[in-house]
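First the structure, in the form of structure tokens, and then the observations on it.
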Amino acid sequence: MSFAPDVNVIRVSRFTAQSARRFEQHLRFLMGIGQPVIPVIVESNGGEAVAAMHMVDCIADAQERGFPIPTVIMGKAMSSGALLAAVGS
């Protein structure tokens, strides 16, 4: 049995400028293909606050456009990870 990469879920483990840009690109891609629900899985020790706030803004924008963004903590979500997990639907 073979499995395709999980492109319909966004996984967050790092909070850096680069990971925030990738997060935004992935979120916009899933919105563009019309995915009705876009889950975000968080497992992180935290990271840069500016990167976390960029991701929070991206989620808020998607929610304003009518996309539910459920967030799930897998393992741990500290600092920036907890912040991101709190803004999901």
Side-chain angles (χ1 to χ4, degrees):
M1 180 182 290
S2 111
F3 294 95
D6 197 0
V7 297
N8 296 330
V9 172
I10 301 175
R11 296 181 184 275
V12 179
S13 60
R14 302 189 73 176
F15 289 89
T16 63
Q18 182 180 12
S19 67
R21 283 191 299 273
R22 281 195 316 264
F23 178 88
E24 181 178 9
Q25 291 168 347
H26 197 172
L27 182 61
R28 290 192 185 282
F29 169 76
L30 294 175
M31 289 167 54
I33 64 171
Q35 181 166 315
V37 176
I38 303 171
V40 174
I41 298 175
V42 180
E43 181 176 12
S44 175
N45 290 325
E48 299 173 12
V50 172
M53 293 309 296
H54 181 77
M55 293 179 192
V56 166
D57 287 345
C58 291
I59 289 176
D61 179 59
Q63 289 173 331
E64 286 176 10
R65 295 171 189 238
F67 291 91
I69 312 289
T71 51
V72 177
I73 298 172
M74 205 167 208
K76 61 189 172 291
M78 300 176 199
S79 186
S80 294
L83 172 66
L84 189 67
V87 299
S89 353

**Q.** Nearest-0.5 Å distance, CZ of residue Arg11 to OG of residue Ser19
**A.** 15.5 Å
Q) Side-chain heavy atoms under 4.5 angstrom apart, residues restricted to Ile, Leu, Val, Met, Phe, Trp, Tyr: same cluster for Met55 and Met31? A) yes
Q) Quick one: are Val40 and His26 in side-chain contact, heavy atoms under 4.5 Å? A) no
Q) Under 4.5 Å between side-chain heavy atoms, hopping through other hydrophobics if needed: is there a path connecting Ile73 to Ile41? A) no
Q: Mind checking the CZ-CG spacing from Phe29 to Asn8? Nearest 0.5 Å is all I need.
A: 7.5 Å
**Q.** Main-chain N/O of Gly47 paired with Ser80 side-chain donor or acceptor, under 3.5 Å
**A.** yes
Q | Sub-4.5 Å side-chain heavy-atom contact between Ile69 and Leu27 | A | yes
Q) Can you tell me if CE on Met78 sees more than 12 non-hydrogen neighbours from other groups inside 6.0 Å? A) yes
**Q.** Separation of Ser44 OG from Phe15 CZ (nearest 0.5 Å)
**A.** 4.5 Å
Q. Which atoms form the tightest heavy-atom contact between Val42 and Ala77, and what is the distance?
A. CG1-CB, 3.9 Å
Q: Please tell me if the side chains of Arg21 and Gln18 come closer than 4.5 Å, counting only heavy atoms from C-beta onward.
A: yes
Q. Rounded to the nearest 0.5 Å, how far does CG of Leu84 lie from CE of Met53?
A. 10.5 Å
Q. Do the side chain of Glu24 and the main chain of His54 share a donor and acceptor less than 3.5 angstrom apart?
A. no
Q) Rounded to the nearest 0.5 Å, what separation is found between the CD atom of Glu43 and the CZ atom of Arg14? A) 13.5 Å
Q | Atom pair CD1 (Ile10) and OG1 (Thr71), whose distance is rounded to the nearest 0.5 Å | A | 11.5 Å
Q.
For a quick test of reading the model, state the closest non-hydrogen atom pair linking Ala51 to Ala20 and the distance between them.
A. O-CB, 3.9 Å
